[in-house]
Structure formats: C-alpha cells, structure tokens
A.B. asks: 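Take a look at this one; I'll ask things after.
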Number of protein chains: 2
Amino acid sequence: MVTIKDVAKVAGVSIATVSRVIHDGHQVGEACRARVKKVIAELGYRPNSNARALVSKTTNTLGVVTPKLSMPFFGSLASGVEKGARENNYKLLMSNSLYETKSEQEAIDSLRDHNCQAIILHSEYSDEKTLLKLAKEIPGLVLINRYMPAIANRCVWLDNVAGARTATDYLINRGHKNFAVITSIYQNGDPGFRLQGIRESLKLAGLQLSEAAIEESTANMEGGEQAVQALLNKGIQFTALLAYNDLMAIGAIHALFAAGLRVPEDVSVIGFDDLIVSRACRPRLTTMHYPVEEMASYATKLAIQLSDTSIEPESRTHLFIPQLVERDSVADAPRS
Amino acid sequence: MVTIKDVAKVAGVSIATVSRVIHDGHQVGEACRARVKKVIAELGYRPNSNARALVSKTTNTLGVVTPKLSMPFFGSLASGVEKGARENNYKLLMSNSLYETKSEQEAIDSLRDHNCQAIILHSEYSDEKTLLKLAKEIPGLVLINRYMPAIANRCVWLDNVAGARTATDYLINRGHKNFAVITSIYQNGDPGFRLQGIRESLKLAGLQLSEAAIEESTANMEGGEQAVQALLNKGIQFTALLAYNDLMAIGAIHALFAAGLRVPEDVSVIGFDDLIVSRACRPRLTTMHYPVEEMASYATKLAIQLSDTSIEPESRTHLFIPQLVERDSVADAPRS
DNA sequence: TTGAAAGCGCTAACAC
DNA sequence: GTGTTAGCGCTTTCAA
C-alpha cells in the first residue's frame, strides 16, 4: 500500500505539501504541484479514507437501511439512493433490517460507528419516540416513506391517501358502483392510509363499502389470490377491485381468471406502486405510480444537505404525489 | 462523541484496559472488567471503526459492485451478499457500475480506498486482463456470474450451458420439434452460453434450428415482444420458444396472445432466471431457476475466507446448476 | 510557498 | 493484571 509518505519521499517534498496538492490547494508552487501530481499518478497513490475520516471527521459516507433488498420496491429505493450518493461523491453503506426493530437498530448503530454523515431510513416498525431520539442525534437522518410532523422537514413521503383517492375516483368515473378492497393484515402505515383514501372517495360519491367487501391478507401475490377467493366465496358482488399493492392486484387477477371472471370485462382491477411486475401480468395492470427511485435520490440529497449543520435547514415538507398509470386492467363498469 | 479515553477516565483505568475488555481480553480482572463494561453501557460508547481500521488494517468491510440495483436480479444478488455480510458481522459497501467499464473501475477503486477486505464483483464488460490484475492485487476478490479458468477458485458461476440444455431437453421430451429462440443482441457472456446449450441439445436430438428462427433483441419485455413479432412476420413456424430470460419470455407471451396464439396450447414458452415476474404473468412461466441469492451469499463467504491470506485457498470450483421450475407456460407439442 | 509537528481514536507491543 | 507508549495515514495549524 502506497501512503502519503511514499509520495512525499519520491517527490522530495513534505507530506503537508502532498496533502495540499490533493486538496487542490492553491498555495503550492506550479512546478511543485506538477511534480507531486506526477508521482501520485506513477505510484498509483490513493488516500486512505479511514485515516482521512479519523482526522477530518468527515467520511463522505451515507447509509441506507431498508427491510430487504431482494424486494423490487426496496431495490429501486436503494438504486435511487446509490444514484444520489454517487452524484455527490459519497460512498454507500447498506444494511437490511429484515422488518425487525432489533436488527433495524443494529443496522443504524453500525452505520453510526462508521461515522456515516447521512442516513436514509425506511422504518415501518420503530416507534416515534425512538425515531425522534435518533433524529435528534443524527442531523443527517432522513426518513423515507414515513411522515412525522415533529420532524416534517426530514421526511420524504408519499401521499398515500391522495393516491388511493385518485385510484378510487378513477374507478367511480368509469361508472363503477360495486367495490371490493383487498388490503394487508397489517394496517399501520401505507395500507391504513390507502384504505382511508378509498373510504373517503367512496363516501363522497355516496357509494357503500361494506366491511365484508374488505378482505385482509398478506401483501403479496398469494395474499391477493386468497383474498379474492375469500371475497368470491362470501358471494360479494363487485365490478371494481382496489388492491393494496401491485402484487396483491396480480394475485387477484389470477384468482379472478381462475374463477372464470374476465379482467377488465367483468371486473376492473387497480394496483398501487407500479413495480415492474405490473407490466408483466396480462392484462397489464393499471396502477398508481410510486416514484420510489426519484424519492430516494431526493432523500439522499436532502440528507447530505442536512448533515451539514452549518446550513440552516429549511422547514419545508417533502411530499410526493402518486400518479395514475393507465394500462389494461380497468374498463368502464359493465351495464348490468 | 464518546471515545475510549472518556470511558477510561470515568472507569478510572487506562485506555489499554478498556481496549482489552472490548476485545474480550481474558487478561483483565473480574471487578475491573465489570466496571468498565458498566461505564461503556452508561456512556453508550461505541468504538470508532475508522480509527480501528486505521491501526489494525482490518475493516470487516465488504464491497459489492453490480450494474444496477433496481433490476430485480441484482437486487437479489445484493440481498444475498448482505445476508452473507451480516452473518459474518461485516459491513457492506455498495456501488453500481451502470454497465460501464469506467464506472465499474471507479467503483472498485473507491472500495479499495475504504480498505474493503473482500469484494464481490459482477462484471460483464471488463476484459480478462483487467480482472486478472485486480484479482492479483485483492486477495478477497470474488467474481460472481463469470468464469475465468486462471482464477477458477475465485469465480462463483452458473452453468448456463447446462441450464439451457435442461430447458431444451424438457421441451424436446414434451414432443416439440419446431423451435424458435429469442436472445439478446449482446452475445458475450450468458446469452452466448445459453444459446450454445440450446444448439447442443437440438443437434443431439437431430433437430434443426435455422438461423432465421433465432431472433435477437434487447433483453427485456419490449425486446421479447419485438422479437416474437419479427419471428411471426418472417413466417417462422414454431411450437416451442426458448427465451434468453424471463423478461423476454414474458414479452413473448404478450406478443403471442396479441397475435391470437395461445400459450401453452399453441406455443410453449420457457424462460430463464426465475425472477418474481415469472409468477406474475399468465400463464405462469416455466423457467430455469437461477439461485442468485444463494450464490451471492456463498460468494460472500468465499470472499471473506479468501481475504484471510493466512489460510491456504482451496483450488476448487464453485459452480451452480440451474434447476427447472415447472409452471404453466409449457405443454406437450400439439398434434399437427 | 513550504515544512514541522500535533493529534484524530484506536491497537498492540512492551514494561511493570 | 494493568499502564505507558508508539504508531496507523492523514489534515491542519503554526512557523519559517
């Protein structure tokens, strides 16, 4: 490993001078700078970032904590963070929380040991108190996909209620009157907000949504399938189905076809998230676009900005609005 | 920030003693150890990993370089690495190469600056010379999804040829005689091997595969669609279609249905990779399972092992075999 | 414009 | 058992 000393020795200068030319210091003579640069190139010298971090206390390192990278949604989130990090010349430290409060905490601690200046956290289960405490301790902490009024300027989140309302209104405008909903058994966070949006829109339109027409299951394809089967078994009549997310919507489509119903001719189905799978099913899924990757890059830049405590943080909110993506799983309500 | 000095002062011992109890040193008195531990807990002391890395030259940090995290395949890869890292108590540094040789190199360099001891690299475009040089310099470097005989014991790869043969043989055994193939325009790496496997099996079975029945396109859904349209436009007759990967297979299914052909009744389609999308399409895709996540964890453990140069590396090969996953997109050849 | 030197937080000899 | 001390590679005063 070639160190700053080696460079200094070969170039015949002091290590201070080498350090200066690395930092583009203008207080170095032309000839000297050129010589040092040449030696650096020849030796292939690269500053040791640990040493640098130790003395300067600035690591240019950013951490992300997400539940599980193998889920496409979080892959996109990570990708957005990576983009933001790269553009700002930051390194990216990554840790999965596996949906557990304990490993989430461990993940965060480990990032702090590394002097991460900025942290992007996707937390569903940690309670507000923990998060608030964390936010106080780490200036560069940004929450993604969660909103807490007390630290509003450090939350990058999606208006799930508005998204669900857009989806519901769209179905209403297409003439649908009989709705069913499949959602997650865990109603805290996103699922709860989306259900709320659905309820609001339906109520405003004077439409009924009986509790029996709301089926809870796991938030994946299998869950979607089971939920629809349950709905069908109960004899619920519906021409429009709102799913908590794309995966459930796709499971629903499978179950619907299996039951001899056509999508969208008999039943219109709408998803939420706009994952890549939504273009894989047939019919292609109409859904609400969740701009995760964009939000993640945004959150990254925000976190980096906030980590510089010399800058007064703006007290603004960072809210994104999901957009409807029309594909082929929704049609006008059939004339009955 | 609380340092080892603070702990020493409060506990009334020297920093060396604190360091010893941290490292579970058995050369510390019972009472003393207990007291130090108590102080550590009270103060919430956590060792600074940069300082630690600087002096001990061991960072317990592992890096991954993949093209793009938002692609489900790489998300799974990253997830597997994360698992391996977590299990070995390593931190994970992540960098996207975006399919460019230049940023791939930058990504690797940045990992080296951080004293990563182990690196998992998914490289498609770097040439062998570069890779070989890198491997020589970094003992803990492991290549995933690429095989180079010179460093066979540091490659974790998939037998694409065998996988393609399995897929092809399966179709042959189902009575198919008229084959078509859709593959990537880039034939280096995976696509080339898979095509080779197809050719081998077909030849062995005495079946023809005209060049016209092989259509190249981009390796995604759109590409799959276009390729099938091109095949159809050319008037190619086929009852079995082998796709380079799941995404192309799904695009193919869309195009087939659009053309009034049924899958699998008229045409059987088989994919490769077994991404989550393969369960999203209808019919569900029969495909070859690529155990990325498992391979990635394996590669991670291997890299960590190799990075410890005191251990003699085994000179074995790390080859994984894809398995057939039967779902609903393949049927017996129709009687003509 | 350049160099000497202090010190970031920690580990690991080496003393006692 | 426990303390003292010399660095790890670097940045950053402070002098010259």
Side-chain angles (χ1 to χ4, degrees), chain A residues 1-40 43-61 91 109-117 310, chain B residues 1-40 43-61 91 109-117 310:
Chain A
M1 182 188 180
V2 24
T3 74
I4 199 171
K5 273 188 191 169
D6 302 322
V7 176
K9 198 182 298 172
V10 175
V13 296
S14 75
I15 60 167
T17 300
V18 177
S19 182
R20 281 188 198 107
V21 344
I22 290 167
H23 294 96
D24 220 29
H26 287 289
Q27 28 209 28
V28 184
E30 262 315 323
C32 183
R33 167 149 71 253
R35 188 151 35 94
V36 172
K37 277 195 169 167
K38 189 158 153 277
V39 174
I40 287 178
L43 265 47
Y45 166 71
R46 312 211 84 216
N48 177 318
S49 40
N50 292 117
R52 208 173 237 189
L54 182 57
V55 42
S56 66
K57 265 132 183 53
T58 147
T59 52
N60 274 26
T61 300
K91 274 100 204 167
D109 286 343
S110 130
L111 293 180
R112 297 179 70 184
D113 295 349
H114 273 262
N115 276 332
C116 272
Q117 307 177 273
S310 68
Chain B
M1 183 185 180
V2 24
T3 74
I4 199 171
K5 275 189 191 166
D6 301 323
V7 176
K9 197 182 298 172
V10 174
V13 296
S14 75
I15 59 167
T17 301
V18 177
S19 182
R20 280 187 197 106
V21 344
I22 290 168
H23 293 99
D24 219 30
H26 287 288
Q27 26 210 28
V28 184
E30 262 315 321
C32 183
R33 167 149 69 253
R35 188 150 35 92
V36 171
K37 276 196 170 170
K38 188 157 154 278
V39 175
I40 286 178
L43 264 46
Y45 166 71
R46 312 209 84 218
N48 178 319
S49 42
N50 292 118
R52 209 173 235 189
L54 183 57
V55 42
S56 66
K57 263 132 185 51
T58 148
T59 52
N60 274 25
T61 300
K91 274 99 205 169
D109 286 342
S110 130
L111 293 180
R112 297 179 71 185
D113 295 348
H114 273 260
N115 275 333
C116 273
Q117 306 176 271
S310 68

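Throughout, protein chains are lettered first and strands after them, A, B, ... in sequence-line order, and every chain is numbered starting at 1. No hydrogens, no waters, no symmetry mates; every other heavy atom, side chains included, goes into these values.
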A.B. asks: Which residues pass the salt bridge (charged side-chain N to carboxylate O under 4.0 Å, His left out) test with Arg35(B), not counting sequence neighbours?
C.D. replies: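 Applying salt bridge (charged side-chain N to carboxylate O under 4.0 Å, His left out) to Arg35(B) gives none.
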
A.B. asks: Can you name the side-chain contact (heavy atoms from CB on, under 4.5 Å) partners of Lys38(A), sequence neighbours left out?
C.D. replies: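 Here the qualifying residues are Glu42(A).
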
A.B. asks: For a 4.0 angstrom threshold against heavy atoms of chain B, report the outermost contacting nucleotides of DNA chain D in 5' to 3' order.
C.D. replies: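 Both ends considered, the range comes out as dG1(D) to dG9(D).
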
A.B. asks: Within a strict 4.5 Å, meaning less than it, do heavy atoms of the Asn48(A) and Met1(A) side chains meet?
C.D. replies: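 Yes, at least one pair of side-chain atoms sits under 4.5 Å.
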
A.B. asks: With nearest nucleotide decided by heavy atoms, which residue, Lys5(A) or Val55(A), maps closer to the 5′ end of DNA chain D?
C.D. replies: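 The residue closer to the strand's 5' end, by nearest nucleotide, is Lys5(A).
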
A.B. asks: For Arg20(A) and for Val2(A), locate the closest nucleotide of DNA chain D by heavy-atom distance; then report the residue assigned to the nucleotide nearer the 5' terminus.
C.D. replies: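 Comparing both residues, the 5'-ward one is Val2(A).
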
A.B. asks: Using five base pairs at each end to define the local axes, how bent is the helix from dT1(C)-dA16(D) to dC16(C)-dG1(D), to the nearest 10°?
C.D. replies: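 Rounded value for the end-axis angle: 40°.
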
A.B. asks: Both Arg35(A) and Tyr45(B) contact DNA chain C. Taking the nearest nucleotide for each, which residue is further toward the 5' end?
C.D. replies: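 It is Arg35(A), whose closest nucleotide lies nearer the 5' terminus.
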
A.B. asks: Could you tell me which residues satisfy side-chain contact (heavy atoms from CB on, under 4.5 Å) with Thr59(A), sequence neighbours excluded, listed by chain and number?
C.D. replies: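 Per chain and number, Thr59(A) pairs via side-chain contact (heavy atoms from CB on, under 4.5 Å) with Ala53(A), Thr61(A), Asn115(A), Gln117(A), Asn50(B).
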
A.B. asks: Can you name the side-chain hydrogen bond (donor to acceptor under 3.5 Å, both in side chains) partners of Ser14(A), sequence neighbours left out?
C.D. replies: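 Here the qualifying residues are Thr17(A).
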
A.B. asks: With sequence neighbours left out, write down each residue that passes side-chain contact (heavy atoms from CB on, under 4.5 Å) with Lys37(B), or none if nothing qualifies.
C.D. replies: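 If we apply the side-chain contact (heavy atoms from CB on, under 4.5 Å) test to Lys37(B), skipping adjacent residues, the hits are Val21(B), Arg33(B).
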
A.B. asks: Give one of base, sugar-phosphate or nothing for Thr17(B), where a contact means two heavy atoms less than 4.0 Å apart.
C.D. replies: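 Sugar-phosphate contact only - Thr17(B) comes under 4.0 Å of backbone atoms but never of a base.
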
A.B. asks: Which pairs pass salt bridge (charged side-chain N to carboxylate O under 4.0 Å, His left out) with one or both residues in residues 46-55 of chain B, sequence neighbours excluded?
C.D. replies: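 Output for this query lists Asp113(A)-Arg46(B).
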
A.B. asks: Please enumerate all residues that pass side-chain hydrogen bond (donor to acceptor under 3.5 Å, both in side chains) together with Arg20(A), with sequence neighbours excluded.
C.D. replies: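 With sequence neighbours excluded, Arg20(A) shows a side-chain hydrogen bond (donor to acceptor under 3.5 Å, both in side chains) to no residue whatsoever.
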
A.B. asks: Taking side-chain contact (heavy atoms from CB on, under 4.5 Å) as the test, write out the residues that go with Val55(B), two or more places apart.
C.D. replies: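 Partners of Val55(B) under the side-chain contact (heavy atoms from CB on, under 4.5 Å) test: none.
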
A.B. asks: Is there a side-chain contact between Tyr45(B) and Ile22(B) (heavy atoms, below 4.5 Å)?
C.D. replies: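 Tyr45(B) reaches Ile22(B) side chain to side chain.
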
A.B. asks: Please find the earliest and latest nucleotides of DNA chain C, in the 5' to 3' direction, that have an atom within less than 4.0 Å of any heavy atom of chain A.
C.D. replies: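 Terminal contacting nucleotides, 5' to 3': dT1(C) to dG9(C).
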
